[in-house]
2 protein chains.
Amino acid sequence: MASRRHAIADDLRSRIADGRIKPGGRLPSEAQLAAHYAVSTPPLRNALALLQAEGLVEKIHGKGNFARQPLRRTTYVGGGRTPARTPLPVSIRTTWLRARGHLNALLGVPPGSPVTEFFCVSHDGKSPHSLARIYVPRDLAPAAAPDASPWPQEVASLLAGPLPQLTKVQENVHVRLPTPSEAATLRISSTLAVLAITRVATDITGRVVEVALLALPGDRAEAVFTTEHTTTERRQEG
Amino acid sequence: MASRRHAIADDLRSRIADGRIKPGGRLPSEAQLAAHYAVSTPPLRNALALLQAEGLVEKIHGKGNFARQPLRRTTYVGGGRTPARTPLPVSIRTTWLRARGHLNALLGVPPGSPVTEFFCVSHDGKSPHSLARIYVPRDLAPAAAPDASPWPQEVASLLAGPLPQLTKVQENVHVRLPTPSEAATLRISSTLAVLAITRVATDITGRVVEVALLALPGDRAEAVFTTEHTTTERRQEG
DNA sequence: CAGTGGTCTAGACCACGAA
DNA sequence: TCGTGGTCTAGACCACTGT
């Protein structure tokens, strides 16, 4: 037997699938569910964690567990700057700071170089959806005042204007748990893995014009990368 | 305070970082650690789960918790067929089957179409590393006998030969928990998220020549995608 | 305030790995 | 067999959300 949490998760999954629990509706409280399945708290919460990771259930702290709408995942499109067709509104906080730590290596600038940080949170309705920290060398950043009040507009329209053409975008994708700060900002459980994307955009001279650190909660986001093979590529042999 | 597990994880992390726990070495048993930190099992295991998700600690069931070597992550390179320079040996099991379910849509073939499945497990030393299920329409697959005994060789050299040139590769990346079967095959905890990649390769006529379902454990793998912008692309405005 | 989820304690029993 | 991690019970207390 594949542990009790899977059995409970399977049952709840089918209840959501066939509509006995309506999309958007609240599940019974964890205490009630635990009583119904005759288990104690941990296995029940583990079952909910499975469904949460699948994106079928969303937990909200003092309120309850909710069945998700028809499992709408947003898709991050790789290969370029944050696309203008972001379907979600974004709040941006602009900060001036000096590069330190990993950022130096990523940006290819000496320590202490001035950079502009755009701290972006996209929203899906009232709740936060995903998070991006975008770093641009100060002299390349739009001349917006730092700490402008949260600015609900799309990222791309802010970043679209005076930037040089970029010729290469490298995106590194990995999985990690959110930092406590990220979990608080995104209002997700600290056990829900996020898709972390480090995007480095380089212009025609080889200079790094943008570094973006994205955190996309694994239950509500995915990323897609498309590669066109225009040239005939050689095939290597063993 | 950010919950007790983080405090414990921070302490263990620094112990690993400064070498008090040597790379590859075994940590004290969970009972001993729990006694040392004066906590009960759950928070201690939660702390280990954090380090495990970071790739710093590897759990092996009847043996113990082990500090990872200098955190060597393997990198999946997107944008093409599985690269020949896979650094890890791969075992392949070949099966003939007929497409059903999602596979039809992905392959763009009618239900029941014959396909060849390559079930691939890459190995890092003695332990399994990651997992791939590759589906190719039967008439495009190399004429290897199905169920050939596990064949330790690189994926690419098997798939390199008689396949048509592919012109488009679309890779969909998301995060999920492993299925119980995957967790068993990969010998990972069922709570450790995996990077799931669905790769669809299309040839010059638009026909799908390969569908690959990859599962890369999040603690030991990452993926990188590079996009070259050869043409000058228009910039969209709000 | 009441109801919810988040974290924790202290212990039990099962499953796996090596000798 | 023994020591290990994996799962579970049955509670307790804290933190967040709404009234």
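Reminder, nothing fancy here: chain letters follow the sequence lines and each chain counts from 1.
Side-chain atoms of B/S122 come within 3.5 Å of backbone atoms of B/S130 as a donor-acceptor pair (strictly under, hydrogens ignored). Proximity of a side-chain donor or acceptor of A/H123 to a complementary backbone N or O of A/V121 within less than 3.5 Å is detected. Within the 3.5 Å criterion, the main-chain N or O of A/R220 finds a donor-acceptor partner in the side chain of A/T74. Of the possible polar contacts, none joining the B/T116 side chain to the B/T95 backbone as a donor-acceptor pair under 3.5 Å is found.
The distance from atom CG of A/L51 to atom C1' of C/dG5 is 16 Å, rounded to the nearest whole Å. Regarding B/L44, its CG atom lies at a distance of 13 Å from the C1' atom of C/dT9, rounded to whole Å. Between the CZ atom of B/R4 and the P atom of C/dT7 there is a distance of 13 Å, rounded to whole Å. Nucleotide D/dG5 holds its P atom 18 Å from the CD1 atom of B/I188, rounded to whole Å. Atom pair B/H6:NE2 and C/dC8:P shows a separation of 10 Å (rounding to whole Å applied). One can place CD of B/E58 at 14 Å from C1' of D/dG5, the figure rounded to the nearest angstrom. The interatomic distance linking B/L48 (CG) with D/dT4 (P) rounds to 14 Å, in whole Å. Rounded to whole Å, the distance from CG on B/N65 to P on C/dC16 is 17 Å.
A salt bridge does not link B/R176 with A/E222: none of the charged nitrogens is closer than 4.0 Å to a carboxylate oxygen. Between B/E117 and B/R98 there is no salt bridge, since none of the side-chain N atoms of the basic residue sits less than 4.0 Å from a carboxylate O of the acidic one. Checked for salt-bridge contact, A/E210 and A/R199 meet the test: a charged N lies under 4.0 Å from a carboxylate O. Using a 4.0 Å cut-off between a side-chain N of Lys or Arg and a carboxylate O of Asp or Glu, B/E54 and B/R68 do not qualify as a salt bridge.
Residues from residues 26-35 of chain B with heavy atoms under 4.0 angstrom of DNA chain D, sorted by number: B/R26, B/S29, B/E30.
For A/R5, the side-chain atoms get nearest to D/dT7 when compared with the rest of D/dG5, C/dC8, D/dT7.
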Under 4.0 Å protein heavy-atom contacts per nucleotide of nucleotides 11-19 of chain D, with B for base, S for backbone only and - for none:
B---BBSS-
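Counting any heavy atom pair closer than 4.0 Å across all strands shown, A/A184 reaches no nucleic acid atom.
The one candidate from A/L177, A/I188, A/V175, A/L216 that meets the side-chain contact (heavy atoms from CB on, under 4.5 Å) condition with A/V194 is A/I188.
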